[in-house]
S.K.: 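Take a look at the following structure, please.
Every heavy atom of this structure was used, including side-chain atoms; hydrogens, water molecules and symmetry mates were not.
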Amino acid sequence: MWPKLPKFFGDVSIIGICKFLSPPRWRNASPTDGFARYFYVGRRRNPLTCADGEIVALRGPRIAPYVDGVSSQPEAHPAFLPNRRARADQARQVADVLRHQIYDGAYDGALPAEAELAAEFFVSRNTIREALAVLKAEGLIDRGTKVGTHVAARKYDHGLDALVGLRETFKDYGDVRNEVRAVQRLSAPPAVARKLALEPGTQVVFIERLRYLADLPLSLDLTYLAPAIGEQVIGHPLESNDIFALIERVSGRRLGGASLALEAVSADPHSAATLQVPAGSALLMAERLTSLDDGTPVDLEYIRMRGDRITMRGNLIRRDA
């Protein structure tokens, strides 16, 4: 008789899915194929291979009650892939975790030895070597014989939870300065005019800036400003000010909000040379349309940020459907 699962499992450390031979009396199971959920306690085990787990309960697929829109139809077998995965797939998984551990400052300069990482991730040392090769190719770590593996480049967090300028965002990392590459009055292309709620061909103020954190170029910003605001903004020093702060100063109003679109693009040769990265490098490309607190759009920006030095972070809240 298979044991029934208790309502509460106490100190269950991992819940995983393993493939077992299931008794034919279980729903949707056959004598030769079936999936059982397993629960075990104690030391963390490898969820990919299900090795060495202390099995305390087994359960076959059952009919679940209708809860929060979940159907009460019998569970169908999910299309699980084999437990033994290609080394490259496992290396990618390891690299993803290590990458963000590095970003979060989990390693003080040097990473653990290969053998230690292999034990931590329950994979072979060859898998660890492949994962580290991925991170080295990204420029995130350096490796060498007898010197180990070290963090090569720091990344900086850029929040997505507040409407702030780059100078405000990176104030805890160092001084942000701007190299002003262009200031022009030009006729707005139809797409730009539409976003700024202007008639096509209306003159707008265009500003291009290369933005540095200390001596490190981080972003290339192309900005279109509504004419009334823009003419006043360019009367102030642009090298040492965020445009957001200048807009609020000259308008006498607070900024209200912005719409943001973020995507990955490859650096064209000119942008790559400007940002001091190899051509084809990954960049974060943002389109941001910012409005005053009365809803008037005033600032349309196209921002290329170095993907190897900036991490976008935010907190998401699930809302009712």
S.K.: Salt-bridge test for Glu130 and Arg87: reply yes if a basic N is under 4.0 Å from a carboxylate O, no otherwise.
M.R.: yes
S.K.: Can you give the donor-acceptor pairs under 3.5 Å from side chains of residues 234-243 to other protein atoms, not counting sequence neighbours?
M.R.:
unit_1, atom_1, unit_2, atom_2, d
His236, ND1, Gln232, O, 3.1
Asn241, ND2, Pro237, O, 2.8
Asp242, OD1, Arg167, N, 3.3
Asp242, OD1, Arg211, NH2, 2.6
Asp242, OD2, Arg167, N, 3.0
Asp242, OD2, Glu168, N, 3.3

S.K.: Does a salt bridge link Lys155 with Glu138, judged by any charged N lying under 4.0 Å from a carboxylate O?
M.R.: no
S.K.: Are any non-hydrogen side-chain atoms of Val298 and Leu196 less than 4.5 angstrom apart?
M.R.: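 A side-chain contact is absent here, since even the closest heavy-atom pair is not under 4.5 Å.
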S.K.: Using only atom types and a distance under 3.5 Å, with no angle test, would you say the side chain of Arg177 pairs donor to acceptor with the backbone of Ala214?
M.R.: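 Here the side-chain-to-backbone pair exists.
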S.K.: Verify, without hydrogens or angle tests, whether Thr202 (side chain) and Leu198 (backbone) share a donor-acceptor contact under 3.5 angstrom.
M.R.: no
S.K.: Between Thr274 and Ser271, do the side chains contain an N or O donor and an N or O acceptor separated by less than 3.5 Å?
M.R.: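 No - no donor-acceptor pair under 3.5 Å links their side chains.
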S.K.: Taking ring-ring contact (aromatic ring centres under 6.0 Å, His included) as the cut-off, I'd like each qualifying pair that reaches into residues 261-307, sequence neighbours left out, listed once.
M.R.: none
S.K.: Find out if a path of hydrophobic residues (ILVMFWY) with successive side-chain heavy-atom gaps under 4.5 Å connects Leu292 to Val205.
M.R.: yes
S.K.: Does CG in Asp161 sit with more than 12 non-hydrogen atoms of other residues, nucleotides or ligands closer than 6.0 Å?
M.R.: yes
S.K.: Distance-only, no hydrogens or angles: does the Arg306 side chain make a donor-acceptor pair with backbone N or O of Leu275 under 3.5 Å?
M.R.: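 Looks like yes, one N/O pair under 3.5 Å.
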S.K.: Dump the intermediate steps for salt bridge (Lys or Arg N to Asp or Glu O under 4.0 Å) on Lys195 and Asp299, then the final yes or no.
M.R.: CA-CA 9 Å; Lys195 288 180 180 292; Asp299 178 5; over 6 Å; no
S.K.: I would like to know whether Arg143 and Glu114 meet salt bridge (Lys or Arg N to Asp or Glu O under 4.0 Å); could you show each step before the answer?
M.R.: CA-CA 11 Å; Arg143 305 196 72 208; Glu114 289 179 1; 2.6 Å; yes
S.K.: May I ask you to check whether Asp221 and Thr223 show a side-chain donor-acceptor distance below 3.5 Å?
M.R.: no
S.K.: Can you list the residues that meet the side chain to side chain contact (heavy atoms under 4.5 Å, CB included) rule with Glu263, with sequence neighbours excluded?
M.R.: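 If we apply the side chain to side chain contact (heavy atoms under 4.5 Å, CB included) test to Glu263, skipping adjacent residues, the hits are Val265, Met285.
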S.K.: When you measure from the side chain of Gln184 to the backbone N and O of Ile207, does any donor-acceptor pair fall under 3.5 Å?
M.R.: no
S.K.: Using the side-chain hydrogen bond (donor to acceptor under 3.5 Å, both in side chains) rule, pick out the option among Arg99, Arg92, Gln93 that qualifies with Asp96.
M.R.: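 By the side-chain hydrogen bond (donor to acceptor under 3.5 Å, both in side chains) criterion, Asp96 pairs with just one of Arg99, Arg92, Gln93: Arg99.
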S.K.: Is the shortest distance from a Lys or Arg side-chain nitrogen in Asp293 or Arg254 to a carboxylate oxygen in the other one below 4.0 Å?
M.R.: no
S.K.: List the steps and the verdict of salt bridge (Lys or Arg N to Asp or Glu O under 4.0 Å) for Arg181 and Glu179.
M.R.: CA-CA 6 Å; Arg181 297 168 56 85; Glu179 176 189 320; 3.7 Å; yes
S.K.: Would a 4.5 Å heavy-atom cut-off, applied to side chains only, mark Leu210 and Asn178 as touching?
M.R.: no
S.K.: Is Ser251 reaching over with its side chain to a backbone N or O of Ile247, donor-acceptor style, under 3.5 angstrom?
M.R.: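 Here the side-chain-to-backbone pair exists.
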S.K.: Apply the test salt bridge (Lys or Arg N to Asp or Glu O under 4.0 Å) to residues Arg253 and Glu248: give CA-CA distance (whole Å), side-chain angles for both, the deciding distance (0.1 Å), then the verdict.
M.R.: CA-CA 5 Å; Arg253 304 190 68 100; Glu248 291 184 327; over 6 Å; no
S.K.: Distance alone, cut at 3.5 Å: any donor-acceptor contact between the side chains of Asp294 and Thr296?
M.R.: yes
